[in-house]
Undergrad: 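After the structure tokens below, expect a handful of questions from me.
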Amino acid sequence: MSDKTKNQAGFTIVELLVAISLIATISVGLISVFTNYLAIITRNNVLVDMTATSQNLLRSTVEELRYGAGVRQTNTINDPNGPSGGWNTTNTNFVIIIAVPAVDASGAYIIDTTTGQPYNNELVYFKQDLTLYKRTLAHGSAAGNKLITSCPSATASSTCPPDRKLAENVKDMEFILYDQDNALTSDTLLARSVKIDLRLERDTFGDPLSLDNSIRVTLRNNFQ
């Protein structure tokens, strides 16, 4: 066998092991870089999604508060699917109760002839674990009421649609009430403005990601 043939024999075992070790080291490094990059991209996407969710939730809540007739301490419209003792704004999970004027399909107020004021429906924002829902309680005496009382999804039907899911990953949603003198109050009848503090929280790669957002809104209507 010539020397030229011997030189074409290929890698030795030692050379092969060194090459494999080098490739493995480079691969581990690349995987680590890719994983970190994926984690950063995922967290950024989650943050964007949480930001959009919080802004949409606050915007819709503000619209209902501005249009509404005030904040209720407890629900005045009977809810057969409600908690024992009824809904309560001060409860941690029963977030807030908003009274809104009842309107018909054309958007006209439905007036209670005994008071000369519109009937009021009630919107209940409540939490189940980390999910925020809205239950609608329609006033039974408001003929032609556009809104329909809603129910838990397990008992929903064509005459009682499911509660609306507003947002997931809601860690906290706090409503702080202020009176006409801009002083804190716990009396919903004295509330003239409301500050909403919202915190969303999601787990990404075992690391919780939180987003805080807040807004304050003045209550415009004052139907009794």
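Position 1 is the first residue of the sequence; numbering continues from there. Note that these values count all heavy atoms, side chains included, but never hydrogens, waters or copies made by symmetry.
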Undergrad: Check for me, please, whether Ile196 and Leu190 land in the same ILVMFWY cluster - side-chain distances under 4.5 Å, paths through other members count.
TA: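 Per the 4.5 Å side-chain linkage, Ile196 and Leu190 are not co-clustered.
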Undergrad: Going by heavy atoms in the side chains, are Leu198 and Leu200 under 4.5 Å from each other?
TA: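 Touching, per the 4.5 Å side-chain cut-off.
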Undergrad: Looking at Asp181 and Ala183, would you say the former's side chain and the latter's main chain have a donor-acceptor pair under 3.5 Å?
TA: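 No: the side chain of Asp181 does not pair with the backbone of Ala183.
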Undergrad: Does the pair Thr89 and Phe175 meet the rule for a side chain to side chain contact (heavy atoms under 4.5 Å, CB included), with working shown?
TA: CA-CA 9 Å; Thr89 288; Phe175 292 80; 5.8 Å; no
Undergrad: Could you grab the distance from atom CD1 of Ile148 to atom CG of Asn121, nearest 0.5 Å is fine?
TA: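 The CD1 atom of Ile148 sits 11.0 Å away from the CG atom of Asn121.
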Undergrad: Would a hydrophobic clustering, with Ile, Leu, Val, Met, Phe, Trp and Tyr connected at side-chain separations under 4.5 Å, put Tyr119 with Ile98?
TA: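 In one cluster with Tyr119: Ile98, no.
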Undergrad: Looking at every heavy atom in both Ala69 and Pro101, which two are closest together, and how far apart are they?
TA: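 Taking Ala69 first and Pro101 second, the nearest heavy atoms are N-CD, 4.2 Å.
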Undergrad: When you measure from the side chain of Lys127 to the backbone N and O of Lys171, does any donor-acceptor pair fall under 3.5 Å?
TA: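 Answer holds: yes.
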Undergrad: Is it the case that the side chain of Asn75 and the backbone of Ile77 share a donor-acceptor pair, with hydrogens and angles ignored and the cut-off at 3.5 Å?
TA: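 Pair found, side chain donor or acceptor close to backbone of Ile77.
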Undergrad: Is Glu122 reaching over with its side chain to a backbone N or O of Ile97, donor-acceptor style, under 3.5 angstrom?
TA: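 Flag not set: sc Glu122 to bb Ile97 has no pair under 3.5 Å.
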Undergrad: With sequence neighbours excluded, what pairs up with Lys134 under the salt bridge (charged side-chain N to carboxylate O under 4.0 Å, His left out) test?
TA: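 Here the qualifying residues are Glu64.
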Undergrad: Please determine whether residues Leu123 and Ile110 belong to a single hydrophobic cluster, defined as Ile, Leu, Val, Met, Phe, Trp and Tyr linked transitively by side-chain heavy-atom distances below 4.5 Å.
TA: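 Looking at the clustering, Ile110 is in a separate group from Leu123.
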Undergrad: Show which side-chain atoms of residues 136-143 pair as donor or acceptor with protein atoms under 3.5 Å away, not counting sequence neighbours.
TA:
from, atom 1, to, atom 2, distance (Å)
His139, ND1, Ser141, N, 3.1

Undergrad: Can you pull the side-chain hydrogen bond (donor to acceptor under 3.5 Å, both in side chains) pairs that have at least one residue in residues 152-164, sequence neighbours excluded?
TA: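 Those involving residues 152-164 are Arg135-Asp163, Ser150-Asp163, Ser157-Thr159.
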Undergrad: With sequence neighbours left out, write down each residue that passes side chain to side chain donor-acceptor pair (under 3.5 Å) with Glu168, or none if nothing qualifies.
TA: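 Counting only residues at least two positions away or on another chain, Glu168 forms a side chain to side chain donor-acceptor pair (under 3.5 Å) with Lys165.
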Undergrad: For Cys151 versus Asn81, what's the shortest heavy-atom pair and its separation?
TA: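 Nearest pair, atom of Cys151 first, then Asn81: SG-ND2, 3.5 Å.
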Undergrad: Is Val124 reachable from Leu132 through a run of I, L, V, M, F, W or Y residues, each pair having side-chain heavy atoms under 4.5 Å apart?
TA: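 No: no chain of side-chain contacts under 4.5 Å links Leu132 to Val124.
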Undergrad: Does Lys195 reach the side chain of Ile215, with side-chain heavy atoms less than 4.5 Å apart?
TA: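 No, too far: nothing below the 4.5 Å cut-off.
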Undergrad: Using the side chain to side chain contact (heavy atoms under 4.5 Å, CB included) rule, take Gln55 and Leu58 through it: C-alpha gap first, then chi angles, then the decisive distance, then the call.
TA: CA-CA 5 Å; Gln55 291 176 344; Leu58 289 177; 6.0 Å; no
Undergrad: Once rounded to the nearest 0.5 Å, what's the spacing between atom CZ of Arg72 and atom CG of Asn88?
TA: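 It is 13.5 Å, given to the nearest 0.5 Å.
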Undergrad: So if I apply the side-chain contact (heavy atoms from CB on, under 4.5 Å) rule between Ser54 and each of Leu211, Asp49, Asp212, Val170, which one comes out positive?
TA: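 Checked Leu211, Asp49, Asp212, Val170 against Ser54; only one passes side-chain contact (heavy atoms from CB on, under 4.5 Å): Leu211.
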Undergrad: Is Arg199 salt-bridged to Asp197, cutoff N-O under 4.0 Å?
TA: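 Salt bridge absent between Arg199 and Asp197.
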Undergrad: Between atom CG of Asn169 and atom OG1 of Thr53, what is the distance when rounded to the nearest 0.5 Å?
TA: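 Going from the CG atom of Asn169 to the OG1 atom of Thr53 covers 8.0 Å.
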Undergrad: Which other residues end up in the same hydrophobic cluster as Leu184, if Ile, Leu, Val, Met, Phe, Trp and Tyr are linked when side-chain heavy atoms come under 4.5 Å apart?
TA: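 Besides Leu184, the cluster holds Ile176, Tyr178.
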Undergrad: Between Arg59 and Asn56, is any pair of side-chain heavy atoms under 4.5 Å apart?
TA: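 Yes, at least one pair of side-chain atoms sits under 4.5 Å.
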Undergrad: Please report the shortest heavy-atom distance between Gly70 and Leu219, naming the atom on each side.
TA: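 Looking at all heavy atoms of both residues, the shortest contact is CA-CD1, 4.5 Å.
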Undergrad: The criterion is side chain to side chain donor-acceptor pair (under 3.5 Å); which residues satisfy it with Asn182, sequence neighbours excluded?
TA: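 Per chain and number, Asn182 pairs via side chain to side chain donor-acceptor pair (under 3.5 Å) with Arg216.
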Undergrad: Distance check, rounded to the nearest 0.5 Å: Leu209 atom CG versus Met50 atom CE?
TA: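 Spacing of CG (Leu209) from CE (Met50) equals 5.0 Å.
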Undergrad: Would Tyr133 and Phe94 show up in the same hydrophobic cluster when neighbours are defined by side-chain heavy atoms closer than 4.5 Å?
TA: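 Both belong to a single hydrophobic cluster.
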Undergrad: Of all the heavy-atom pairs spanning Ala167 and Leu57, show the shortest one and how long it is.
TA: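 Minimum heavy-atom separation between Ala167 and Leu57: CB-CD2, 4.0 Å.
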Undergrad: To the nearest 0.5 Å, what is the distance between OG1 on Thr218 and CZ on Arg66?
TA: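 Thr218 OG1 to Arg66 CZ: 7.5 Å, rounded to 0.5 Å.
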Undergrad: Can a donor-acceptor pair be found between the side chains of Ser210 and Glu201 at a distance below 3.5 Å?
TA: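 The criterion, which ignores hydrogens and geometry beyond distance, is satisfied for Glu201 and Ser210.
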Undergrad: With a 4.5 Å cut-off on side-chain heavy atoms, are Asn213 and Thr51 touching?
TA: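 Result no, sub-4.5 Å side-chain heavy-atom pair not found.
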Undergrad: Indicate whether any N or O donor in one side chain lies under 3.5 Å from an N or O acceptor in the other, for Thr185 and Asp187.
TA: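 The criterion, which ignores hydrogens and geometry beyond distance, is not satisfied for Asp187 and Thr185.
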Undergrad: A side-chain contact here means heavy atoms from C-beta on lying under 4.5 Å apart; do Val100 and Tyr67 qualify?
TA: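 Yes, side chains in contact.
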Undergrad: Does either side chain, that of Asp112 or that of Thr114, offer a donor lying less than 3.5 Å from an acceptor on the other one?
TA: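 There is such a pair between these side chains.
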Undergrad: Determine the interplanar angle of the Trp87 and Phe126 rings, folded into 0 to 90°, and report it as parallel if under 30°, tilted if 30 to 60°, perpendicular if over 60°.
TA: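 Judged by the thresholds at 30° and 60°, the geometry between Trp87 and Phe126 is tilted.
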